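Please read these numbers as outputs of a predicted model, since none were measured by experiment. Quick note on labels: first sequence line is chain A, next is B, and so on, each numbered from 1.
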Protein chains: 2
Amino acid sequence: MNKIDVALICKALSDSNRLEIVQMLSDGEKCGCKLLERFEITQPTLSYHMKTLVESGLVNDRKEGKWHYYSLNTEHFVQFKKFIEALGCENSAGETDGCCRC
Amino acid sequence: MNKIDVALICKALSDSNRLEIVQMLSDGEKCGCKLLERFEITQPTLSYHMKTLVESGLVNDRKEGKWHYYSLNTEHFVQFKKFIEALGCENSAGETDGCCRC
DNA sequence: TAAATATATAGATGATTATCAATGTGAGGG
DNA sequence: CCCTCACATTGATAATCATCTATATATTTA
């Protein structure tokens, strides 16, 4: 995962509605209409946010009948977390113990 | 640290220039002119990005003579990492072992 | 087949973003 | 006291964002 991918995910998480959607999905997959109930936004706006999340790679979209089930893309999410975890940690070759100061 | 703070930090990290600045600062504090050397942007644009980072709480700004020294706000950064680490982890009360599946 | 439901798309709008050139400010040096 | 250097601010601009209303599409149900 490179800088561009991470920046895209950060952009996806830079809206508090979308952050809350991700929190809700951590509990397991949910369909769009269930998500919509929890927000004070219109259906097209939710659709727009879900598109943003899916395109960032953070969320999966599974269609079943007339429903869309959204879930976290765990693989991608873990990679993102690793990048953020490493960010802000000195990784210079000069370190003798192989550990950063964070 | 609440959702609004996290969304603000994510917004600050949603630009690959700023992501790279944070990477550079992980190596220790740097002055603006040193940072500027590494990018293909003008000085006002760097100034704008640094303001964004400082206002997100992620970066400290220390003035010394005519220089500005920027460094990571470790405390804030650690809190952000904790939030992201917890995000996407089920924390429901039903869990018996107190651990999430991530 | 017609109605209802879940979602997407199109088009509009006001707000915000990233960027620049030009200029202002404050500190040091000759 | 002027000049230079590091940085901020202003004003402009083109692009993107978040949101809405209106409408289209696809699927299930009566």
Side-chain angles (χ1 to χ4, degrees), chain A residues 2-25 28-73, chain B residues 2-25 28-73:
Chain A
N2 62 36
K3 238 169 29 188
I4 308 293
D5 298 326
V6 172
L8 193 63
I9 292 180
C10 284
K11 183 161 291 178
L13 296 178
S14 72
D15 176 278
S16 56
N17 282 328
R18 290 194 293 261
L19 210 46
E20 191 159 347
I21 290 168
V22 169
Q23 284 179 323
M24 288 174 69
L25 295 183
E29 75 172 7
K30 305 244 180 321
C31 78
C33 51
K34 277 285 169 193
L35 292 171
L36 188 58
E37 288 173 3
R38 293 274 287 263
F39 296 92
E40 304 254 316
I41 57 179
T42 61
Q43 176 270 319
T45 299
L46 179 68
S47 184
Y48 160 75
H49 285 311
M50 297 319 293
K51 192 176 174 188
T52 302
L53 284 167
V54 169
E55 283 176 350
S56 80
L58 219 55
V59 168
N60 295 123
D61 181 2
R62 179 174 71 84
K63 192 177 178 185
E64 189 179 319
K66 61 182 172 181
W67 295 277
H68 279 246
Y69 286 96
Y70 298 102
S71 59
L72 290 186
N73 183 331
Chain B
N2 62 37
K3 237 170 28 189
I4 307 293
D5 297 326
V6 171
L8 193 63
I9 293 179
C10 284
K11 184 163 292 179
L13 295 178
S14 73
D15 176 279
S16 55
N17 281 329
R18 291 194 293 260
L19 212 44
E20 190 159 347
I21 290 168
V22 170
Q23 282 179 325
M24 288 174 68
L25 294 182
E29 76 172 5
K30 304 246 181 319
C31 76
C33 51
K34 277 286 168 193
L35 292 171
L36 188 57
E37 288 173 4
R38 295 273 286 263
F39 295 93
E40 305 253 317
I41 58 179
T42 61
Q43 177 270 318
T45 300
L46 179 68
S47 185
Y48 161 76
H49 285 310
M50 296 319 294
K51 192 176 173 187
T52 301
L53 284 168
V54 169
E55 282 176 351
S56 80
L58 220 55
V59 168
N60 295 124
D61 181 2
R62 178 173 73 82
K63 192 176 179 185
E64 189 179 319
K66 61 183 173 180
W67 296 277
H68 279 245
Y69 287 97
Y70 298 102
S71 59
L72 290 186
N73 183 332

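By the side chain to side chain donor-acceptor pair (under 3.5 Å) test, B:Ser71 is found to be paired with no residue, residues two or more places apart in sequence or in another chain being considered. For A:Asp5, the side chain to side chain donor-acceptor pair (under 3.5 Å) criterion is met by no residue, not counting sequence neighbours. With sequence neighbours left out, A:Glu20 forms a side chain to side chain donor-acceptor pair (under 3.5 Å) with B:Lys3. The side chain to side chain contact (heavy atoms under 4.5 Å, CB included) search around B:Glu55 returns B:Lys51, not counting sequence neighbours. Taking the side chain to side chain donor-acceptor pair (under 3.5 Å) definition, one finds that A:Ser16 meets it with nothing, sequence neighbours left out. For A:Thr52, the side chain to side chain contact (heavy atoms under 4.5 Å, CB included) partners at least two apart in sequence or on another chain are A:Ala12, A:Arg18, A:Tyr48.
Using a 4.0 Å cutoff on non-hydrogen atoms, no part of residues 7-21 of chain A comes near DNA chain C. Scanning residues 44-62 of chain B for heavy-atom distances under 4.0 Å to DNA chain C yields B:Pro44, B:Thr45, B:Tyr48, B:His49.
Across all strands, B:Tyr70 comes closer than 4.0 Å only to sugar-phosphate atoms, never to a base (heavy-atom distances).
Nucleotides of DNA chain C lying under 4.0 Å from heavy atoms of chain B occupy a range whose first and last members, 5' to 3', are C:dT17 to C:dG28. When DNA chain D is scanned 5' to 3' for any atom under 4.0 Å from a heavy atom of chain A, the first and last hits are D:dC17 to D:dT28.
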Would you give me the side-chain donor-acceptor pairs under 3.5 Å for residues 32-41 of chain A, sequence neighbours excluded?
none

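Over its length, the helix from C:dT1-D:dA30 to C:dG30-D:dC1 turns its helix axis by 10°, as judged from the five terminal pairs at each end, rounded to 10°.
Using a 4.5 Å cut-off on side-chain heavy atoms (C-beta onward), A:Leu13 and B:Leu13 make no contact. Between B:Ile21 and B:Met50 there is a side-chain heavy-atom pair separated by less than 4.5 Å.
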